[in-house]
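Because the structure is a prediction, the values reported are computed rather than measured.
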Amino acid sequence: MNPIKLDLSGVRSFLDEQPETLDKKVLKIHHMIHDRTGKGSGFLGWLDLPDSSDSQAFQQIKKIAADIRKHSDVLVVIGIGGSYLGAKAGLEFVKRPFSKTTPEIVFAGHQLSAPYLSGLMTYLDDKAYAINVISKSGTTTEPAVAFRVLKKHLENKVGRDEAARRIIATTDGQKGALHTLAKTNGYDMLVIPDDVGGRFSVLTAVGLLPMAVAGVDIDAVMKGAKEAFKQYGTPELADNPAYLYAATRHLLYQQGKKIELLVGYEPALTYFNEWWKQLFGESEGKEHRGLFVASAAFSTDLHSLGQYIQEGERHLFETTIHVNDPGADVIIDSEPDDLDELNYLAGKTVSHVNKQAMKGTMMAHQDGGVPNLLITIPALNAETFGHLVYFFEKACAMSAYLLGVNPFDQPGVEAYKTNMFALLGKTGDEHNIK
């Protein structure tokens, strides 16, 4: 299986030098990644995760998911950043529009909105539900607040003993407030590996448990990731699309392109784009360096951002994800009066129109001075999701090292927390790590 096709034809003419000129540097970084000798090398545990699909931890995820499916109508996933975006991205990627999963998956702790949390508790009043709280430390403010409130709601609803059976903690295996709470109360516990950071944790229990509960085939997710693990394990730039993507975006950045816009033409990609933004934004935005990563849903956003992209400041490039087979289609019929002037499309499918919109947009933007990379994936399914996750993770590590920064820390995240704690009157250690 080779689902990822990277097309650089819309970008090569914009480059002063071609990505292949970086082959020696890429080769050096490849060995640095795989030999674990670079900055942050203690957080490269994600590199081998696709080989862990037959592990005891993976089987435990399946068992707990099956138990939740037996007793709950809803699973509340509490987490923020990498502790929820991967699962949300996977669910949206795989499920058909307007379909509902059983159990239903809802999210909390990814913001501090009182109306959201209040409304969620009202919604859960007459539901049988379980909680999956995800945090390495257990003290990250947003999920910790949500967990404290929802834990009490669940205990008031079913009693402390039954609530303990319905709470699953995904956390550090040895230490931390959530680990201690889980051990004290007898919660089922899934471990976030010490050497895997939040934004790289999709292929751990962090992302896999919510997907498994929703009925996503996590064996297929890991199969896709394993194919990617093999394919992108090659050190040769010409044979490694993940490295080629990283090298290309690096050269564009060096030429003054400061913004990368990830574009999708299927709504199912919206939360995948959100996960991608954290992956690259948090990995590369350091030492006053790095691309500003943004995303857009086309053709919707062509009616809001299209004018700027076409004729605004020339400081951006686009990476478009095209889905070869979206999984469903609709034929456009002919109308006798043709008042909407669409009879020229009669007999064609909506997917065909969408594809031509993509091609036409890419042509227009290139003519307007916007380089365009194209990534084509075969379908919106679990296997492709796993493959695409690993593709971007491997590309991100290479891209950050090309930039000269540590891909795996996030020191700047702490600044807002320090100020927030001071304003709230918290004293003591202000460092709160996801």
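What you find for Gly109 and Ile80 is that their closest heavy atoms are O-CB, 3.4 Å. Shortest non-hydrogen contact noted between Pro19 and Arg12 is CD-NH1, 3.8 Å. Nearest heavy atom pair, residue Thr320 against residue Tyr265, reads CG2-CE1, 3.9 Å. Smallest separation of non-hydrogen atoms from Leu178 and Gly138: CB-CA, 3.6 Å. Across Arg69 and Pro103, no two heavy atoms sit closer than the pair CG-CD, 3.7 Å. Of all heavy-atom pairs spanning Ile259 and Leu291, the tightest one is N-CD2, 3.8 Å.
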message = Between Tyr243 and Tyr232, is the ring pair (Phe, Tyr, Trp, His ring centres under 6.0 Å) condition met? List the steps.
response = CA-CA 8 Å; Tyr243 289 172; Tyr232 310 127; 8.2 Å; no
task = Report the C-alpha distance between Arg36 and Asp48 in whole Å, list the side-chain angles of each, state the deciding distance to 0.1 Å, and finish with yes or no for salt bridge (charged side-chain N to carboxylate O under 4.0 Å, His left out).
result = CA-CA 12 Å; Arg36 290 168 165 79; Asp48 302 319; 3.0 Å; yes
task = Evaluate side chain to side chain contact (heavy atoms under 4.5 Å, CB included) for Phe392 paired with Val202, printing each intermediate quantity in order.
result = CA-CA 12 Å; Phe392 278 120; Val202 188; over 6 Å; no
query = Would Phe14 and Phe317 satisfy side chain to side chain contact (heavy atoms under 4.5 Å, CB included), going step by step from the backbone distance to the final call?
reply = CA-CA 10 Å; Phe14 292 93; Phe317 67 93; over 6 Å; no
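Of the N and O atoms on the side chains of Glu260 and Thr319, at least one donor lies less than 3.5 Å from an acceptor on the other residue. Defined by atom type and a distance below 3.5 Å, a donor-acceptor pair is missing between the side-chain atoms of Glu274 and Gln278. Glu104 and Tyr123 share a donor-acceptor pair across their side chains, judged by distance under 3.5 Å alone. Ser351 and Thr349 are not linked by any side-chain donor-acceptor pair at a separation below 3.5 angstrom, with hydrogens and angles left out of the test.
No side-chain donor-acceptor contact under 3.5 Å links Gln366 to the backbone of Asn372. A donor-acceptor pair is defined here as one N or O able to donate and one able to accept, closer than 3.5 Å; such a pair exists between the side chain of Lys286 and the backbone of Asp409. For Asn381 (side chain) and Thr384 (main-chain N/O), a donor-acceptor pair under 3.5 Å exists by modelled atom type. In this structure a side-chain-to-backbone donor-acceptor pair under 3.5 Å is missing from Arg199 to Trp275. Proximity of a side-chain donor or acceptor of Tyr401 to a complementary backbone N or O of Lys39 within less than 3.5 Å is detected. For the pair Arg314 (side chain) and Gly368 (backbone), a donor-acceptor distance under 3.5 Å is present. Using modelled atom types, one side-chain atom of Thr361 and one backbone atom of Ala357 make a donor-acceptor pair closer than 3.5 Å. Remark: side-chain polar atoms of Ser201 are paired, donor with acceptor, to backbone N or O of Gly198 under 3.5 angstrom. A donor-acceptor contact shorter than 3.5 Å is absent between the side chain of Thr170 and the backbone of Ile134. Here the side chain of Asp325 pairs no donor or acceptor atom with the backbone of Ala379 at under 3.5 angstrom.
Within the 4.5 Å cutoff, side-chain heavy atoms of Tyr308 are placed close to those of Leu316. In this structure, the side chains of Leu373 and Leu8 come closer than 4.5 Å at one or more pairs of heavy atoms. Side-chain contact between Leu269 and Phe93 is present, with heavy atoms from C-beta onward closer than 4.5 Å. Side chains of Gln59 and Gln56 form no contact here, defined as non-hydrogen atoms less than 4.5 Å apart.
Only one option out of Arg289, Arg249, Lys258 pairs with Glu284 in a salt bridge (charged side-chain N to carboxylate O under 4.0 Å, His left out); it is Arg249. With Val76 as the fixed residue, the side chain to side chain contact (heavy atoms under 4.5 Å, CB included) test singles out one of Ile167, Leu124, Asn132, Ile105: Leu124. When each of Val106, Ile131, Val213 is checked for a side chain to side chain contact (heavy atoms under 4.5 Å, CB included) with Val74, only Val106 meets the rule. A side-chain hydrogen bond (donor to acceptor under 3.5 Å, both in side chains) with Thr21 holds for exactly one of Lys25, Glu17, Lys24; it is Glu17.
Separating the CE atom in Met362 from the CG atom in Leu374 is a distance of 4.5 Å, to the nearest 0.5 Å. Of the inter-residue distances, the one linking Leu49 atom CG with Phe58 atom CZ reads 11.0 Å to the nearest 0.5 angstrom. The OG atom of Ser83 lies 11.0 Å from the CD atom of Glu142; values are rounded to the nearest 0.5 Å. Between the CG atom of Leu15 and the NZ atom of Lys257 there is a distance of 10.0 Å, given to the nearest 0.5 Å. Atom CD of Glu318 and atom CD1 of Ile309 lie 5.0 Å apart (nearest 0.5 Å). To the nearest 0.5 Å, the span separating CG on Leu244 from CD on Glu236 amounts to 12.5 Å.
Classified by interplanar angle (parallel below 30°, tilted 30° to 60°, perpendicular above 60°), the ring pair Tyr116/His110 is perpendicular. In this structure, Phe200 and Trp46 have parallel ring planes: the angle between them is below the 30° cut-off, well short of the 60° mark. Ring geometry, Phe298 versus His365: the interplanar angle exceeds 60°, so the pair is classed perpendicular (tilted spans 30 to 60°).
Taking a cutoff of 4.0 Å between a charged side-chain nitrogen and a carboxylate oxygen, Asp329 and Lys355 do not qualify as a salt bridge. Electrostatic pairing of Lys63 and Asp67 counts as a salt bridge here, judged by a charged N lying under 4.0 Å from a carboxylate O.
With a 6.0 Å cutoff to the six-membered ring centre and a 45° limit on the axis angle, Lys88 counts as a cation-pi contact of Tyr271.
Between His315 and Phe292, the gap from one ring centroid to the other reaches at least 6.0 Å.
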